[in-house]
Amino acid sequence: MPELPEVETVRRDLNAHVLGLRIQAVRVRDARVIRGTTSKKFVEGLTGRTIKEISRRGKAIICHLDNGRYFIVQLMMTGQMVYAPQLPKTPLKETKVTFELSNGTYLNYNDQRLFGRLTLFEKLEDVKHFAILGPEPFDLSFNASFIKEALKRRNMAIKTVLMDHTFVAGIGNIYASEILFRSGISPKRAARGLKISEIKRMHTMTLEVLEEAILHRGSSMRNYRDGQGEKGTFNKLIKVYAREGEKCERCAAPILKIVQGGRSTFYCKHCQH
DNA sequence: AGGTCGACCTGGCAGC
DNA sequence: TGCTGCCAGGTCGACC
């Protein structure tokens, strides 16, 4: 699914549309997306609650409720949180949960593959996933000296480490490839073999790519949609991801595809060393 | 502890 | 047209 820029876009959209609204009713059409509790308790826990704030940690959306509890959404690969002024006559097949809001509008949780998770928590400290998560890329703690220390212990390929959420939160398969292309670093390099100049460049490019992607409301490959159901436009600026065989914009060599840790990686052999 | 692998699901698409 | 196999943006638990 969506990586950090896409989730951040959804968060901002929801902030604009649903903040301060009360959840009047919750309709669960497929209980498999509800985790950690029963569908009944989930509905009871949300009905009547007002959404006070919407934040993000890594690729998770956090809705702060007026009773001090938290409603957390992980979109995973194919989840969508879409604001809708009205509902279609027949619900979409992928709409798994519908939230009816106090101003007569709706919020739909759509998911084609049921990988996504909707969970209720008493405290954020209870979220196991957050406890193992690395720093946010935009945090000051995520800097060249932190990266240098963290990479020392890693013998894995740098691409695999960039995607590892215990190292840094929010970077997935698309942006890991894009960051390394802009950094001129081969995805196959051993993480601990990077020079400090390369680490600095990678850090700068990480922020640059993520900021640009947020500005363009994310990348839409197949399933990603923003909070209004629209596609993101960062795809146009993607240089290597899913571009196998196309000419590298910089040097015209063909973009290559390899598999690392079971995931596809795209890169330019000529521009990345 | 670091590292690898398969499982979780459904649908779209390429190839035959 | 219709079948089969492969692939997909993430995360977790089991294993070495």
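Fair warning: this is a prediction, and the values are worked out from it, not measured in the lab. Letters A, B, ... mirror the listed sequences (proteins, then strands); counts begin at 1.
- Within residues 111-123 of chain A, the residues that place at least one heavy atom under 4.0 Å from DNA chain B are, in residue-number order, A/Gln112, A/Arg113, A/Leu114, A/Phe115.
- Of the residues in residues 237-245 of chain A, those lying under 4.0 Å from DNA chain C by heavy-atom distance are A/Tyr241.
- The pair A/Glu8-A/Arg11 counts as a salt bridge, with a side-chain nitrogen and a carboxylate oxygen less than 4.0 angstrom apart.
- One interatomic measurement links the two molecules: CZ of A/Arg263 to C1' of C/dC7, which rounds to 11 Å at whole-angstrom precision.
- In this structure, A/Glu178 has no side-chain hydrogen bond (donor to acceptor under 3.5 Å, both in side chains) partners at least two apart in sequence or on a different chain.
- Helical stems in DNA chain B, defined as runs of 3 or more consecutive Watson-Crick or G-U wobble pairs with both donor-acceptor distances under 3.5 Å, are listed by first residue as B:2-8 with C:10-16, B:10-16 with C:2-8.
- Other cluster members for A/Tyr106: A/Leu87, joined by side-chain heavy-atom distances under 4.5 Å among Ile, Leu, Val, Met, Phe, Trp and Tyr.
- By the salt bridge (charged side-chain N to carboxylate O under 4.0 Å, His left out) test, A/Asp30 pairs with A/Arg32, sequence neighbours left out.
- Between the side chains of A/Arg217 and A/Thr233, no donor-acceptor pair is found at a separation under 3.5 Å.
- Taking a heavy-atom distance under 4.0 Å as the criterion, the stretch of DNA chain B touched by chain A extends 5' to 3' from B/dG2 to B/dG11.
- With both ends at atom P, the span from B/dC9 to C/dT4 equals 22 Å, rounded to whole Å.
- Between the side chains of A/Ser219 and A/Asn235, no donor N or O sits under 3.5 Å from an acceptor N or O.
- Without hydrogens or angle criteria, A/Asn108 side chain to A/Asn110 main chain gives no donor-acceptor distance under 3.5 Å.
- Among the protein residues, A/Gly172 comes within range of the sugar-phosphate backbone only, with heavy atoms under 4.0 Å from sugar or phosphate atoms but none that close to a base.
- Taking a 4.5 Å side-chain heavy-atom cut-off between Ile, Leu, Val, Met, Phe, Trp and Tyr, the cluster of A/Phe130 extends to A/Ile62, A/Tyr70, A/Ile72, A/Phe121, A/Leu124, A/Val127, A/Leu133.
- Annotation for A/Arg29: atom CZ counts as buried by contact number, over 12 foreign heavy atoms lying within 6.0 Å.
- Heavy-atom minimum distance, A/Gly79 versus A/Tyr109: CA-OH, 3.6 Å.
- A/Gln74 comes within 4.0 angstrom of sugar-phosphate atoms only, judged by non-hydrogen atoms across all strands, and of no base.
- As judged by a 4.0 angstrom heavy-atom cut-off over every strand, A/Lys93 is placed among residues touching the sugar-phosphate backbone only.
- Contacts with DNA chain C (heavy atom under 4.0 Å) in residues 145-161 of chain A: none are found.
- Within 4.0 Å of A/Ile132, counting heavy atoms only, lie sugar-phosphate atoms of the nucleic acid but no base atom.
- Rounded to an integer number of Å, the gap from A/Leu162 CG to C/dG10 C1' is 16 Å.
- The side chain to side chain donor-acceptor pair (under 3.5 Å) test with A/Asn173 singles out one residue from A/Lys159, A/Gln260, A/Glu3, and that residue is A/Lys159.
- The other members of the hydrophobic cluster of A/Leu256, by chain and number, are A/Ile258, A/Tyr267 (side-chain heavy atoms under 4.5 Å, ILVMFWY only).
- A/Gln272 places a side-chain N or O within donor-acceptor distance of the main-chain N or O of A/Leu180, the cut-off being under 3.5 Å.
- For the pair A/Gln260 CD and C/dC7 C1', the interatomic distance rounds to 17 Å; values are reported in whole Å.
- Taking the side-chain hydrogen bond (donor to acceptor under 3.5 Å, both in side chains) definition, one finds that A/Asn143 meets it with A/Ser145, sequence neighbours left out.
- Heavy-atom contacts from other residues, nucleotides or ligands closer than 6.0 Å to CD1 of A/Ile132 number more than 12.
- Within the structure, ring-ring contact (aromatic ring centres under 6.0 Å, His included) contacts touching residues 8-50 of chain A (residues at least two apart or in different chains) are A/His17-A/Tyr83, A/Phe42-A/Phe71.
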